[in-house]
Structures are given as structure tokens and as C-alpha cells.
Amino acid sequence: MPRRRLTHQERQRIAAGLAAGLSCREIARRLERPTSTIAREIARNGGAAGYLPQQAHQAAIQRARRGTPASPNAATPPLAAMEQEIIEMAVRAGMPRTAARVHHDLALAEDGRRTAAELARRLNVSPASVSVAVNFLVQQGYARRERDPRSRRTIYAIDDGAWYHAVVISRQQTLETVRATKAVAETYGLDGPVGQRLAKTAAFLERVSLDIIESADRWRHLLM
């Protein structure tokens with residue numbers, strides 16, 4: 001069957017799906033379209049955070065009239081689909097969407113470094129959105145700030161040890177939860193059902209966090 005173009009209504013549903021946090025795969029399933037078609041459409045028109053259905057539809061009409069191919073800056077369909085899925089998995093794991101996109105774009109830089117202006121331009125988001133996203137990434141250990149001594153610009157970077165640092169910070173946050181949970185359990189009394197339940201929760205989280213950091217230390221050399 002000949003490939004039919006996306007309709008304006010379908011583009012509106014794509015925008016609604018992105019706003020609802022759906023993955024490319026789920027949007028494609030609901031529209032009964034290939035995932036690569038949806039990923040290419042989103043990547044070509046501002047990405048997940050900047051997709052606007054009306055502008056996307058007008059751009060498609062203009063391309064059809066000119067008979068020109070997609071922008072050379074757009075990723076090839078299979079690659080775009082895979083990259084979008086990586087971002088969606090990070091979002092499902094709890095990372096804010098713009099932070100996930102910034103983190104992924106930093107990973108795509110050959111030296112793992114970009115300025116705020118580069119990130120804003122590449123992701124089609126505001127500098128303020130980049131700032132909020134980077135603050136999250138720095139706090140969680142996924143990225144760091146650097147100062148360019150020549151231009152005095154702030155540069156955002158990731159390195160091979162970023163995931164290890166993120167695990168360490170996550171473990172510290174979990175242990176803080178453990179300490180707070182133990183304190184509440186003791187307040188309720190360890191001989192009562194509430195205190196016992198909270199004490200078991202604290203013991204579980206503490207043991208798991210210790211196992212995770214031991215494993216991270218054991219395998220850290222794989223990142224270096």
C-alpha cells in the first residue's frame with residue numbers, strides 16, 4: 001500500500017501524546033503508524049519539548065510542494081526512534097523530560113561538553129529550561145558545571161564516571177530516608193505494628209542501598 005502522509009489530526013494527537021508523557025512507541029501504536037514515522041516527525045519538528053502540530057503540518061505541506069527531503073540535521077528514522085526511546089525510559093524512571101533530553105544531548109557530544117546556548121539551540125528550548133534541567137542533573141550527579149577560562153562561559157559536561165556519581169548520590173539520599181524512617185519507627189514503638197512495619201522498610205532499604213554501592217564500587221572500572 002502507498003505510504004500516506006500524516007494528517008493534521010494525527011499531528012494534534014502526537015502533540016497530545018507528548019504532553020501526556022507517552023513514548024514514541026505508544027503514540028505510534030495508538031495512531032497505527034510505524035514508530036520510526038512518529039520519531040522522525042517529532043525529531044524533524046522541534047523535538048518532544050518543542051513539537052507544535054500546526055507548524056509541523058505547515059512545514060510538511062511546504063516540503064511536499066517543494067519536493068525537498070527532510071532536514072539533514074534530523075536523525076535517520078531508526079536512530080531517532082532508538083534515541084527517543086532512551087529519553088522516554090529516563091522519563092519513566094523519574095527524570096524530568098527536559099533533563100533527560102539535556103543529558104542525552106550531552107552524551108552525544110564527542111567531548112561530553114556543551115554550553116547553555118548550544119543546548120538551548122539544539123533542543124529548541126529556552127535558556128531557563130536548560131538551567132532548570134542542568135540543576136537537576138548536577139544535583140543528581142549526572143552532570144557537572146565547568147568554567148571556560150578563555151570565554152568565562154559556563155559549560156555543562158558529563159564524563160565516564162557520571163553514572164557512578166549518580167549511584168553514590170542516590171545511595172546517600174536512600175540512607176537519609178532510612179534514618180528518617182527508623183526515627184519514625186522508634187517514635188511509634190518497635191513493639192507495635194506501625195513501628196515494626198517502618199523498621200522492616202528501613203532495614204530493607206538500608207541493605208539494598210549497601211548492596212548497590214558495593215556493586216558500583218566493584219564494577220566502577222568498567223566506566224574508566
Practice prompt. With sequence neighbours left out, write down each residue that passes ring pair (Phe, Tyr, Trp, His ring centres under 6.0 Å) with His165, or none if nothing qualifies.
Written response: none
Worksheet item: Is there a side-chain contact between Ile38 and Gln84, using heavy atoms and a 4.5 Å cut-off?
Response: no
Discussion item. Whether Arg29 and Glu26 form a salt bridge (side-chain N of Lys/Arg under 4.0 Å from carboxylate O of Asp/Glu) is what I want to check.
Written reply: yes
Discussion item. Counting only heavy atoms not in Tyr188 (residues, nucleotides, ligands), do more than 12 fall under 6.0 Å from its OH?
Written reply: no
Fill in: Sidechain N-carboxylate O distance under 4.0 Å for Arg33, Glu41
no
Discussion item. Between Thr177 and Leu205, is there a side-chain heavy-atom distance shorter than 4.5 Å?
Written reply: yes
Fill in: Flag side-chain contact, heavy atom, 4.5 Å: Thr35 against Glu85
no
Worksheet item: Is any side-chain heavy atom of Gln139 closer than 4.5 Å to a side-chain heavy atom of Ile169?
Response: no
Worksheet item: Are any side-chain N or O atoms of Ser131 and backbone N or O atoms of Pro127, one a donor and one an acceptor, separated by less than 3.5 Å?
Response: no
Item to complete: Would you confirm whether Arg101, through its side chain, and Leu123, through its main-chain N or O, come within 3.5 Å as a donor-acceptor pair?
Response: yes
Discussion item. Check this for me: does any side-chain nitrogen of one of Arg207 and Asp211 sit under 4.0 Å from a carboxylate oxygen of the other?
Written reply: yes
Item to complete: Show your reasoning for whether side-chain contact (heavy atoms from CB on, under 4.5 Å) applies to Phe136 and Val102.
Response: CA-CA 10 Å; Phe136 173 88; Val102 168; over 6 Å; no
Worksheet entry | Residue among Arg11, Arg5, His8 satisfying side-chain hydrogen bond (donor to acceptor under 3.5 Å, both in side chains) with His57 | Arg11
Worksheet entry | His104: ring pair (Phe, Tyr, Trp, His ring centres under 6.0 Å) partners, not counting sequence neighbours | none
Discussion item. Quick check on Gln9: does its CD atom have over 12 non-hydrogen neighbours (other residues, nucleotides or ligands) under 6.0 Å away?
Written reply: no
Worksheet item: Donor-acceptor pair, Ser170 side chain versus Ala166 backbone, under 3.5 Å?
Response: no
Discussion item. Can you confirm whether Glu32 is buried at CD, in the sense that more than 12 heavy atoms of other residues, nucleotides or ligands lie under 6.0 Å from that atom?
Written reply: no
Discussion item. Can you tell whether the side chains of Arg25 and Glu88 come within less than 4.0 Å, N to carboxylate O?
Written reply: no
